[in-house]
Amino acid sequence: MAISCMMMMSQAASSTAAMAPRDGEGGGRRHHFVLVHGLCHGAWCWYRVATALRRAGHRVTALDMAAAGASPARVDEVRTFEDYSRPLLAALAALLPSGDGERVVLVGHSHGGFSVALAAERFPERLAAVVFLTASMPPVGRAMANTTDEYVSFVGADFFLDSRVLEQTNPDIPGNPEIFGPNFMAQKLYQLSPPEDLTLALSLIRPANRFTGDALMRDAGLLTKERYGSTRRVFVVVEDDHAIPVEFQRRMVAENPGVEVVDIAGADHMAMISKPAKLADLLVILARYQEPGTNAPSLVVQPSMSHVRARRRRPHPPLSTTHHSSSPTAVSFVIHAPH
């Protein structure tokens, strides 16, 4: 029954990619958001945000990585990190050439940050922005696995509570799969989320590999300044995240010069579940100013209800214009003149 539920939820989230978007409730340009889940999770975890974005008239593609969510693959069949990320790479490769005007807003959560970083390196011309939602954000010129190594060292061996490291049944896959424990999920991931969503998640999570020993993850030359580094990258800092402490989030930001930074307060690690409407509002705001390398104004978000703050890491000239979101949970934001 859990598998049937998971497949229905994942199909519902993913099917939005094929649906023609409706006119936005507040008017304006419609955007295409591609959503990537974190470790042990699946496309199902985006169901609230996908619904909010779709209701506002946007196109949404929520993907299951290989052996995650409703993917038919087993964890011991996915031998490499590239194989794991292939559903995302295939989805971006299938997009029409960027000459038609469509460039997606790619959003990665948690461990999904590595998959979106790989996608940004492969397809920078097809991305309007890459959003790291309290996600692993590797810097240019360093192996992606280093970020995982530093994170595990930062939080310590006892941090993962009752999560379990499982037996590796495929000797061709370096490392071992793991599965989050109920206490870890309740205390570190879902502490501010509705209890019903935690119950659902406990029935839907699947074992996953981190692939820290994978050759691609250990390739220091994989992420280049000319491709991954040329994309517009935005890091969403989640202040109350107990899974990736805010101090480590800010460390990753500091290692990535030029990244825009947005803060969300009052959300847990699963911000798409604990604050879905606010996150959807923020993604739409970010998408409105999505053209890298142009004179588009930089964005600062100011909280209308003390729930979102955004800023650049460099000083700005005086404010020029103020706009407001037209959605029911409006977020005020301020536009700065370009540098």
Side-chain angles (χ1 to χ4, degrees), residues 33-39 61 63 65-66 68 78-95 98 103-154 173-175 208-237 244 248-262 286 290-293 312-314:
F33 296 90
V34 175
L35 310 177
V36 180
H37 61 81
L39 202 69
T61 303
L63 295 167
M65 297 300 97
V78 182
R79 299 174 58 179
T80 68
F81 181 70
E82 177 144 0
D83 289 343
Y84 172 79
S85 303
R86 199 171 303 284
L88 171 60
L89 301 177
L92 294 179
L95 289 176
S98 58
R103 295 165 70 230
V104 307
V105 178
L106 180 58
V107 185
H109 175 246
S110 195
H111 191 266
F114 293 125
S115 294
V116 302
L118 176 61
E121 177 65 27
R122 298 282 176 84
F123 302 102
E125 71 284 352
R126 301 193 177 192
L127 304 178
V130 185
V131 180
F132 293 81
L133 173 60
T134 185
S136 299
M137 183 171 65
V140 169
R142 290 182 56 199
M144 294 197 294
N146 287 358
T147 301
T148 297
D149 294 340
E150 292 171 2
Y151 166 70
V152 173
S153 176
F154 183 88
I173 303 176
N209 284 303
R210 292 185 185 269
F211 293 102
T212 51
D214 181 78
L216 196 68
M217 292 285 285
R218 288 290 174 189
D219 183 1
L222 174 68
L223 301 179
T224 64
K225 180 179 179 181
E226 293 74 21
R227 297 182 69 79
Y228 169 68
S230 70
T231 59
R232 179 193 175 201
R233 288 177 290 158
V234 182
F235 193 97
V236 181
V237 173
I244 302 181
F248 192 82
Q249 294 178 56
R250 297 196 187 282
R251 176 192 288 189
M252 290 189 289
V253 169
E255 293 175 347
N256 286 270
V259 168
E260 298 170 54
V261 182
V262 184
L286 293 173
Q290 62 178 326
E291 298 301 324
R312 289 272 194 172
R313 295 171 61 216
R314 298 187 299 275

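Count residues from 1 along the sequence.
Looking at every heavy atom in both residues, Val36 comes nearest to Ser115 through CG1-CB, 4.3 Å. The shortest heavy-atom contact between Pro139 and Asn256 is CA-OD1, 3.2 Å. Residues Leu89 and Ala119 share a closest heavy-atom pair of CD2-CA, 3.9 Å. Between His111 and Ser136, the shortest heavy-atom contact is CA-OG, 4.2 Å. Gly108 approaches Ala135 most closely through the heavy-atom pair O-CB, 3.3 Å. Between Ser110 and Gly38, the closest heavy-atom pair is CB-CA, 4.1 Å.
The side-chain heavy atoms of Phe132 and Met252, taken from C-beta on, include no pair separated by under 4.5 Å. Counting only heavy atoms from C-beta outward, the side chains of Arg233 and Tyr228 approach each other to under 4.5 Å. The side-chain heavy atoms of Val104 and Arg126, taken from C-beta on, include no pair separated by under 4.5 Å. By the 4.5 Å heavy-atom criterion applied to side chains, Val234 and Val262 are counted as neighbours. Using a 4.5 Å cut-off on side-chain heavy atoms (C-beta onward), Val34 and Val107 make no contact. Within the 4.5 Å cutoff, no side-chain heavy atoms of His37 are placed close to those of His109. A heavy-atom distance below 4.5 Å is not found between the side chains of Thr212 and Val152. Using a 4.5 Å cut-off on side-chain heavy atoms (C-beta onward), Leu92 and Arg122 make no contact.
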### Stepwise side-chain contact (heavy atoms from CB on, under 4.5 Å) test for Leu286 and Arg232
CA-CA 11 Å; Leu286 293 173; Arg232 179 193 175 201; 4.0 Å; yes

### Task
Test side-chain contact (heavy atoms from CB on, under 4.5 Å) on Glu150 and Glu255 and set out the steps.
CA-CA 12 Å; Glu150 292 171 2; Glu255 293 175 347; 3.8 Å; yes

### Task
Evaluate the side-chain contact (heavy atoms from CB on, under 4.5 Å) criterion for residues Ile173 and Val78: first the C-alpha distance (whole Å), next the side-chain angles of each, then the deciding distance (0.1 Å), finally the verdict.
CA-CA 8 Å; Ile173 303 176; Val78 182; 5.7 Å; no

### Message
Checking Glu125 against Arg227 for the side-chain contact (heavy atoms from CB on, under 4.5 Å) test, could you report, in this order, the C-alpha distance in whole Å, the side-chain angles of both residues, the deciding distance, and whether it holds?
### Response
CA-CA 9 Å; Glu125 71 284 352; Arg227 297 182 69 79; 3.9 Å; yes

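Scored by the side chain to side chain donor-acceptor pair (under 3.5 Å) test, Asp214 finds no partners at all (sequence neighbours excluded). The side chain to side chain donor-acceptor pair (under 3.5 Å) check on Thr147 picks up nothing, with sequence neighbours excluded. For Asp149, the side chain to side chain donor-acceptor pair (under 3.5 Å) criterion is met by Arg218, not counting sequence neighbours.
Atom CG of residue Asp83 and atom CZ of residue Phe211 lie 7.5 Å apart, to the nearest 0.5 angstrom. Taking CG from Leu95 and OG1 from Thr61, the interatomic distance works out to 8.0 Å, rounded to the nearest 0.5 Å. Atom CG of Leu222 and atom CG of Leu216 lie 5.0 Å apart (nearest 0.5 Å). Between the CE atom in Met144 and the CG atom in Leu118 there is a gap of 5.5 Å [rounded to 0.5 Å]. With values rounded to the nearest 0.5 angstrom, Asn146 atom CG is found 12.0 Å from Ser153 atom OG. Atom CG of residue Leu106 and atom OG1 of residue Thr231 lie 9.0 Å apart, to the nearest 0.5 angstrom.
The aromatic rings of Phe81 and Phe114 sit perpendicular, their planes meeting at an angle over 60°, well past the 30° parallel limit.
Paired with Val236 under the rule side-chain contact (heavy atoms from CB on, under 4.5 Å), one option of Val261, Thr134, Leu133 passes, and it is Leu133.
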